[in-house]
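Below, each value reflects all heavy atoms present in this structure, side chains not excepted, and no hydrogens, waters or symmetry copies. In what follows, chains are A, B, ... by sequence order, proteins preceding strands, each numbered from 1.
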Number of protein chains: 2
Amino acid sequence: MATNELIERLLDTTDSDAFEGVVDALHALDDSTFEPGGSPKGVAEAAALVGLSPHTLRYYEQEGLVRPGRNSAGYREYSAFTLRRLVFLTRMRMSGMTMHDLKRYIALVERGTETEAERREIMLAQRDRIRRQLRELTLALVTTEYKLRSYGGHPDG
Amino acid sequence: MATNELIERLLDTTDSDAFEGVVDALHALDDSTFEPGGSPKGVAEAAALVGLSPHTLRYYEQEGLVRPGRNSAGYREYSAFTLRRLVFLTRMRMSGMTMHDLKRYIALVERGTETEAERREIMLAQRDRIRRQLRELTLALVTTEYKLRSYGGHPDG
DNA sequence: GCTTGCCTTCGAGCGCACTCGAATCCGTAG
DNA sequence: CTACGGATTCGAGTGCGCTCGAAGGCAAGC
């Protein structure tokens, strides 16, 4: 099986360092990452943190995916909790979950623990989708590198 | 680095068998795979082979991505060459290359070998895009599996 | 007090990649 | 001869996920 070799190759080129300890990164979210002084973030700052636009954050709220608090001036305040959810949302979106499904999932979350079975189904489907995508992407990578080799270049650009 | 371990895990679950020898699969395209009797395929058959709809195949043609021949009745005939290109196109599309860039790339291909340098740039960008996506997908997978674990279920559905 | 700049809401608009429908034509089976 | 499934062209329509613009509010600096 040349597959692992392949994937290894793709990951240890370029900046795979920013990639170590993925799980750690995920759990660091609870702590200081999002709330350096415990102060919630405004919409622009929050947007920058998760890599979306303020417009999009407002759109997500409108769609019921997040419910940031408001300060005395009516401005949005993104707590660590909300920011963590935003990170989750972006991860799911980037891996191909539709807004439709994401809304359904979040609605279940808000309804409480009794909905866990249904949520689990959604996540199982999501896991399979991601795996399929990973396979497709790897095929695409092979094809791309094949082309690059055929152009006889110095493959490391 | 827990990364390789992770990816290994995701690949050897489910049907990773259909995945062995990716490069081989890619080169089998020249041979009997697409032209069992040497006969070109109609639009429906071709569509089924690459997993697209006949509508989409006609659309791709309209956009200049393929130029299948025609039989005496004016029906499209997809040769092995055209089918191979279709496979390439779908791989690029699935890995996030836009129609815009794909059209540009194919236009360069049709212009001949003098355009190889420019094509190479496109493929380099594509390779980087794919790598980025692979990292993002892996993060999404970790998140998804974390959720699944938190639902305490039997993770293998 | 006024300017500057980020915030608010609202609804409309956009870009991408298909996707469909209508009208018509081809070729085989009965 | 006729009916049928599947092909053709063309332009219009769809769904998704934002993305933008207008009209106005709040807060800090000069």
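- Residues Arg111(B) and Thr115(B) bring no donor and acceptor atom of their side chains to less than 3.5 Å of each other.
- Ser95(A) and Glu136(B) form no side-chain donor-acceptor contact under 3.5 Å, judged by distance and modelled atom types alone.
- No N or O donor and acceptor, one from the side chain of Tyr60(A) and one from the base of dG17(D), sit under 3.5 Å apart.
- Rounded to an integer number of Å, the gap from Lys103(A) NZ to dC18(D) C1' is 12 Å.
- The side chain of Arg93(A) places an N or O atom within less than 4.0 Å of a non-bridging phosphate oxygen (OP1 or OP2) of dC18(D).
- Among dT8(D), dG17(D), dG25(D), the nucleotide with an atom closest to any side-chain atom of Tyr75(A) is dG25(D).
- Within the 4.0 Å cut-off from OP1 or OP2 of dT9(D), at least one side-chain nitrogen or oxygen of Arg76(B) is found.
- Look at CG on Leu57(A): it is 16 Å from P on dG17(D), rounded to the nearest Å.
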Please step through side-chain contact (heavy atoms from CB on, under 4.5 Å) for the pair Thr82(B) and Glu77(B), ending with a clear verdict.
CA-CA 9 Å; Thr82(B) 305; Glu77(B) 287 183 339; over 6 Å; no
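- When rounded to the nearest whole Å, the span between CD of Glu63(A) and P of dG15(D) equals 16 Å.
- One cannot find a donor-acceptor pair under 3.5 Å joining the base of dG17(D) and the side-chain atoms of Tyr59(A).
- Here Thr98(B) lies in heavy-atom contact (under 4.0 Å) with sugar-phosphate atoms only.
- Side chain of Val43(A), nearest nucleotide from dT8(C), dT8(D), dC26(C): dT8(C).
- Partner of Arg104(A) under the salt bridge (Lys or Arg N to Asp or Glu O under 4.0 Å) criterion, out of Glu121(A), Glu63(A), Glu118(A), Glu110(A): Glu118(A) alone.
- The nucleotide whose nearest atom lies closest to any side-chain atom of Ala44(B) is, among dG17(D), dA7(D), dT9(C), dA7(D).
- Distance His55(B) NE2 to dC10(D) P: 15 Å, rounded to the nearest Å.
- In this structure, Lys103(A) fails the cation-pi test against Tyr60(A), since its NZ or CZ atom is not both closer than 6.0 Å to the six-membered ring centre and inside 45 degrees of the ring normal.
- At whole-Å resolution of the value, CD in Gln62(A) and P in dG17(D) are 14 Å apart.
- Rounded to an integer number of Å, the gap from CD of Glu45(A) to C1' of dG5(C) is 16 Å.
- Nucleotide dA28(D) holds its P atom 11 Å from the CG atom of Asn71(A), rounded to whole Å.
- In this structure, Arg58(A) reaches the bases: a heavy-atom distance under 4.0 Å links it to at least one base atom across the strands shown.
- Which of dT19(C), dC18(D), dT9(C) sits closest to the side chain of Met99(A) comes down to dC18(D).
- The residue among Glu61(A) and Met97(B) whose nearest nucleotide of DNA chain C is located toward the 5' end is Glu61(A).
- Lys41(B) places its NZ atom 18 Å from the P atom of dG6(D), with the value rounded to the nearest Å.
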